[in-house]
Amino acid sequence: MIKSAEGFLITAMFIAFMLLISGSSLAASPEKGTDGLNRSELTTSWDLSTLFKDKETATAEFEGQQKMSQEINATFRPLFKNLTGKVLLEYIEANKNFSRNLSVVMAYAYAQNSLNVNDKFFEKFVSDVQNLYTEHAKATSFAEILLKSLSPPEWDRLFSEQPGLEKYRAYLENSYQRYKDHRPRNETHAAYLADISNQLMKINTEAEKTVTNNVTVAGNITLEDGRELAINSQTYSELLSTDSNRNNRKMGYDKRFYHLINESDKMAEIYGNKSRLDDLLARELNYSDSYDAKMFETYLTKEQVETMNQVFKERKGDFDGYYEFRKTRMNLSPLKPYDLALQLLENPDKKYGYEETLANISASYAAMDPAFLDIFVETTTSGSMDVYPNPEDGKQPGGYCQDMCALSRPALIFMNYKGLMQDQKTLTHEMGHAINFYLMGKNVDYLYCAGTEYEMEIPSTFNEELFVDYALKNYDQDTALAILAESVSDYENYFTFQPMITEFENKAHELCRQKANVSGSELNLLWTNLSKDYRSGLVDYYPEDSAQWTYISHIYLTNNYYTFSYALSKAVTLSLFKMHKENPEKFNENYMAYLSAGSTMTPPEKLRKFFGIEIDRKLFEDAMDVVQMRVLQLQELEGKRLASSPLTK
């Protein structure tokens, strides 16, 4: 779709997509029974008993892991004084067993806490598991310090002494050898660093709870029909996506807009504490700051990310045609921010049933390897998905996918499915993660079931492209047009909003380094000024400074600067999708190998080996060329729709 030796073929791709859409008149879902789904076996709630029978069993396992950590320390500490290849292999496998078992405990505890952030038992359980990770890091720091300080000849000796180490060569290189300049000085220093990491985990937990209970709970509004509506994370998105009454949308938007400003001082305090600890931890490990640490960890350079941001800023005008389309379609001038989420359907309050969405997603895998559908079916029928919102009982907003590589079983998918058009994309996005995790868990050692954030986001964003491609071919004309508009809106999110979040984090960290206490109003001003570099002038945004940053969970994560990975992954995805359309058989072979490889290779090596892709300016320019093509598609289709409308004849 994007990248080839001959350059980007906009005209050819445009014609191809127009042909796909022009014959679109099928129903919104395939016939029952043809999609591989047995509807009687579908599950919509997590069955966490497949991890542990009950919380007492999980607690007992947790206590066993506490003892295992102590045993690893007692056994290997004296042996590391005269390290041999045999001892190192035994240590790696013992530590792997500990990590694998504890990851299951953490998955169980965090999942239960996600279902109700106010459950005191699981809130404490999450904290206890975090503490054990910290204590284990301290107890085994003797190994980290030594392994990160070994010279190349010493590594050669260890590998020659124990051939069994060879399967862990890439793991040892990526986890220890490349960190020789970024390691604890001694065990006291390692303990200090572990305590900082623990504090950051606690801040993340606090932020998630505050966002769920306070930040996204804005109070009540009275709709024009007299109904009272409590604005929370679920009702807000549904109101703006489905209510054709503009005044209702404005009331909901205003209620939350000003509520977020009121919450900004509290969240600024949380964020300020986090940012200072982020930079402290990074500097203690010989990075200039936490952003420098992030670039090193992801095998990227600051220049690569800055080039990406620069391209997206320079070409933000490529989205203007989309906003003109939306303005014309909605018969509004000017567009306001509360007009941007409304589904562009004849009936914008249309909902898609969960089973209908599953059928469409499964059908979108028709040209993929059969393993895609197999994993999809197993995930949707095994109690591995928690589907529907429940904010009243403390279920946190958003969605995520938790790997279960430790058990070689389907991942856990967390959803707040409301039946909106965007929920379909969210569901297939998380399923992309699940497929990736499943393939890694079945094909590589547990220690290689990992990757950088942008690698992990490639299969999820690729899944989105599969879904859009299917919808354009098979949905009715009105829905296909709305899906295409939604897709362009998603590109705008990926290529402007997500990089902006990372830039906000970086500048907010700078601000927190300069001042002891940063206020909410200062961060609101920073957010608003940055957004002007990325957003369209065709939308009449509010003059007041926005506090939109307050509810973005990614900025409170312990792994900083997450969101630029969405933009990077989407740019890679568009290149991959072009390859998929040109030669599905060859692509599937390479893609399955790519998804299964985990961290057995570095991220740049994987992209080059399987797809010949480099992360450079051309990749990002090509991605924006796709945006241009999609916007042109959208305008042409809207023109055809208007020309065929009885009102225009």
Side-chain angles (χ1 to χ4, degrees), residues 1-3 8 10 13-14 16-18 20-21 241 308-327 329 335 337 339-344 364 421-422 424-426 428-429 432 454 457-472 480-503 531 533-539 563-578 580-581 617-638:
M1 182 179 288
I2 305 171
K3 193 176 183 183
F8 182 65
I10 292 182
M13 290 307 299
F14 172 72
F17 276 102
M18 289 301 293
L20 291 179
I21 301 173
S241 298
M308 178 180 75
N309 290 352
Q310 188 62 33
V311 169
F312 294 152
K313 287 179 184 178
E314 290 171 358
R315 297 190 59 175
K316 67 179 182 180
D318 289 353
F319 290 102
D320 285 352
Y322 161 72
Y323 287 113
E324 292 288 0
F325 158 79
R326 179 173 276 276
K327 185 167 61 172
R329 182 71 184 263
L335 284 173
D339 299 322
L340 303 181
L342 186 68
Q343 297 183 144
L344 297 180
S364 74
M421 188 185 300
Q422 187 59 38
Q424 298 180 94
K425 296 278 288 297
T426 300
T428 197
H429 178 104
Y454 85 81
E457 293 301 338
I458 288 171
S460 58
T461 55
F462 185 85
N463 255 28
E464 293 175 4
E465 294 301 313
L466 286 175
F467 180 78
V468 170
D469 191 50
Y470 170 78
L472 295 182
L481 186 61
I483 288 282
L484 182 56
E486 188 78 20
S487 179
V488 175
S489 177
D490 282 346
Y491 290 155
E492 196 269 346
N493 173 59
Y494 278 115
F495 295 146
T496 63
F497 188 65
Q498 300 302 333
M500 191 197 92
I501 295 172
T502 294
E503 193 168 344
S531 70
D533 291 338
Y534 286 93
R535 71 193 187 191
S536 173
L538 296 179
V539 180
T563 61
F564 80 88
S565 295
Y566 288 119
L568 179 51
S569 72
K570 195 67 168 181
V572 172
T573 282
L574 294 178
S575 283
L576 298 185
F577 200 70
K578 181 176 185 292
H580 164 64
K581 298 297 287 184
R617 173 174 279 271
K618 177 168 171 49
L619 179 72
F620 307 125
E621 294 281 6
D622 285 351
M624 291 308 297
D625 286 344
V626 171
V627 170
Q628 279 189 328
M629 180 269 291
R630 290 292 202 190
V631 171
L632 183 58
Q633 254 185 297
L634 194 60
Q635 294 169 329
E636 290 287 337
L637 285 175
E638 176 67 356

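Throughout, numbering of the chain's residues begins at 1 and tracks the sequence. Being a predicted model, the structure only gives us computed values, none of them experimental.
Without hydrogens or angle criteria, Gln343 side chain to Met421 main chain gives a donor-acceptor distance under 3.5 Å. A donor-acceptor contact shorter than 3.5 Å links the side chain of Lys316 to the backbone of Asp533.
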Pair Lys327-Glu324, salt bridge (charged side-chain N to carboxylate O under 4.0 Å, His left out): steps then yes or no: CA-CA 5 Å; Lys327 185 167 61 172; Glu324 292 288 0; 3.4 Å; yes
Thr461/Glu464 under side-chain hydrogen bond (donor to acceptor under 3.5 Å, both in side chains): CA gap, chis, key distance, verdict: CA-CA 5 Å; Thr461 55; Glu464 293 175 4; 6.0 Å; no
Test log, rule side-chain contact (heavy atoms from CB on, under 4.5 Å), inputs Lys313 and Glu503: CA-CA 12 Å; Lys313 287 179 184 178; Glu503 193 168 344; 3.2 Å; yes
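In terms of heavy-atom proximity, Tyr494 sits nearest to Pro499 at O-CD, 3.1 Å. Between Tyr322 and Val631, the shortest heavy-atom distance links the atoms N-CG1, 3.6 Å. Across all their heavy atoms, Ala471 and Ala480 have their closest contact at O-CB, 4.1 Å. Annotation for Arg326 and Ala341: closest pair NH1-N, 4.3 Å, computed over non-hydrogen atoms. Here the shortest heavy-atom pairing between Pro337 and Val539 reads N-CG1, 4.0 Å. What you find for Leu466 and Ser364 is that their closest heavy atoms are O-CB, 3.7 Å.
Remark: Gln310 engages Glu314 in a side-chain hydrogen bond (donor to acceptor under 3.5 Å, both in side chains) (not counting sequence neighbours). In this structure, the side-chain contact (heavy atoms from CB on, under 4.5 Å) partners of Ser565, at least two apart in sequence or on a different chain, are Glu453, Tyr454. Listed by chain and residue number, Tyr323, Thr496 satisfy the side-chain hydrogen bond (donor to acceptor under 3.5 Å, both in side chains) test with Glu492 (two or more places apart in sequence, or in another chain).
The CG atom of Leu481 sits 6.0 Å away from atom CG of Leu637, with the distance rounded to the nearest 0.5 Å. To the nearest 0.5 Å, the span separating CG on Leu634 from CE on Met629 amounts to 11.5 Å. Between atom CE of residue Met500 and atom CG of residue Asn493 there is a gap of 10.5 Å, rounded to the nearest 0.5 Å. If you take CG on Leu335 and OG on Ser536, they are separated by 8.5 Å, rounding to the nearest 0.5 Å.
At a threshold of 4.5 Å between non-hydrogen side-chain atoms, the residues Leu568 and Glu457 do not count as touching. Between Ser575 and Leu619 the shortest side-chain heavy-atom distance falls below 4.5 Å. Tyr534 has its side chain out of reach of Phe497: every pair of non-hydrogen atoms, C-beta onward, lies at least 4.5 Å apart. Side-chain contact between Asn463 and Phe467: absent, with no pair of heavy atoms (C-beta onward) separated by less than 4.5 Å. A heavy-atom distance below 4.5 Å is found between the side chains of Leu344 and Phe325. Inter-residue side-chain proximity for Asp622 and Val626 is flagged as unmet; no heavy-atom pair is nearer than 4.5 Å.
In this pair, Phe577 and His580 present their aromatic rings tilted. The plane angle is within the 30 to 60° band. Ring pair His429/Tyr566 is tilted by interplanar angle, where 30° to 60° counts as tilted.
A salt bridge (Lys or Arg N to Asp or Glu O under 4.0 Å) with Glu465 holds for exactly one of Lys581, Lys425, Arg630; it is Arg630. Tested against Phe564 for a side-chain contact (heavy atoms from CB on, under 4.5 Å), the candidates Asn309, Ile501, Thr502 yield a single pass: Thr502.
Under the 4.0 Å criterion applied to side-chain N and carboxylate O atoms, Arg315 and Asp625 are assigned as salt-bridge partners.
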